[in-house]
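Read the structure below first, then the notes.
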Amino acid sequence: MRMLIALCVLLAVATSAQAVDLEGEQLARYHALNAQLRCLICQNRSIAESDAPLAKDLRAIVERQIAQGRSDAQIKQYLVDRYGKWVLYDPPLDSATVILWAGPFVLLAIGLFVVFWMMRRRREAPAHTPQLDRERLTRVLEEQARDSDSDSSQERS
C-alpha cells in the first residue's frame with residue numbers, strides 16, 4: 001500500500017507543471033509571448049491559460065528559446081513555421097488574412113448603405129392618402145352624434 005501511495009505521489013510530481021527558470025525581463029517576455037500565442041487545441045485560449053498537453057509543450061518551447069537568446073519575432077516565426085499563422089492571436093495583415101481585417105468594416109459599410117438607401121426611398125415615396133369621401137364622413141359623424149344623444153337621453157330616464 002505504501003508503494004502505491006509513493007508511486008502516486010511520484011507521478012503527481014512528475015506530471016505537474018514545471019517551474020520556469022527565467023528571471024526579470026526574460027520572465028516578462030515569457031508571459032507576454034504566452035499571452036500572444038493561441039492554444040491549437042482549445043482555440044479560444046492562449047497557451048498561458050490552457051492546460052492542454054500541446055500548450056505545455058508550446059510554453060516549454062517558448063521558455064527554451066528565450067533562454068537561448070532568441071527575439072520575440074524569431075520565436076513567433078518559429079512557431080508560425082511549425083504550426084501556421086493560426087498560432088498567433090494577432091495575425092499579420094497579408095493576402096491570406098485581409099478578409100479578417102477588412103471584413104467587419106466592409107459589412108458595416110454595407111449595413112450603413114442599406115439603412116441610408118431604405119430611409120431615402122421611404123422619404124421619396126409619395127404618401128398615399130385615400131380620397132376623403134366628405135359626404136360619407138358627414139353621415140357617419142351625424143349617426144354617431146345621434147347614437148350618443150339617444151344613449152344619454154336613455155340614461156337620464
(request) Start with the C-alpha distance between R38 and Y89, add both sets of side-chain angles, then the distance that settles side chain to side chain contact (heavy atoms under 4.5 Å, CB included), and finish with yes or no. (result) CA-CA 6 Å; R38 181 188 322 267; Y89 256 128; 3.5 Å; yes
(request) Return the minimal non-hydrogen interatomic distance between S46 and N34, and the atom names on each side. (result) CB-O, 3.4 Å
(request) Can you measure from CE (M119) to CZ (R122) and round to the nearest 0.5 angstrom? (result) 8.5 Å
(request) Starting at CD of Q26, measure out to CG of L33 and round the result to the nearest 0.5 Å. (result) 11.5 Å
(request) Kindly work out whether a path of hydrophobic side-chain contacts (I/L/V/M/F/W/Y, heavy atoms less than 4.5 Å apart) joins L112 to V115. (result) no
(request) Starting from the C-alpha separation in whole Å, work towards a yes-or-no answer on side chain to side chain contact (heavy atoms under 4.5 Å, CB included) for R59 and E63. (result) CA-CA 6 Å; R59 288 192 297 265; E63 178 186 3; over 6 Å; no
(message) Are there over 12 heavy-atom neighbours, none belonging to E135, within less than 6.0 Å of that residue's CD?
(response) no
(request) To the nearest 0.5 Å, tell me how far S71 OG sits from R29 CZ. (result) 7.0 Å
(message) More than 12 heavy atoms of other residues, nucleotides or ligands under 6.0 Å from CG of D94: yes or no?
(response) yes
(message) How long is the straight-line distance from CD of E142 back to CG of L137, given to the nearest 0.5 Å?
(response) 10.0 Å
(message) I need the R139 CZ to L141 CG distance, nearest 0.5 Å.
(response) 11.5 Å
(message) One pair to check against side chain to side chain contact (heavy atoms under 4.5 Å, CB included): L79 and L37. What are the steps and the verdict?
(response) CA-CA 9 Å; L79 293 172; L37 298 170; 3.3 Å; yes
(request) Would you name the heavy atoms of I41 and A52 that are closest together and state the gap between them? (result) CD1-CB, 4.0 Å
(request) Measure the CD1-OH distance between I61 and Y83 for me, rounded to the nearest 0.5 Å. (result) 4.5 Å
(request) Using the rule that two of Ile, Leu, Val, Met, Phe, Trp, Tyr join whenever any of their side-chain heavy atoms come within less than 4.5 Å, decide whether F116 and V114 are in one cluster. (result) no
(message) Testing the basics here: between Q65 and Y78, what is the closest heavy-atom pair and its distance to 0.1 Å?
(response) NE2-CD2, 3.1 Å
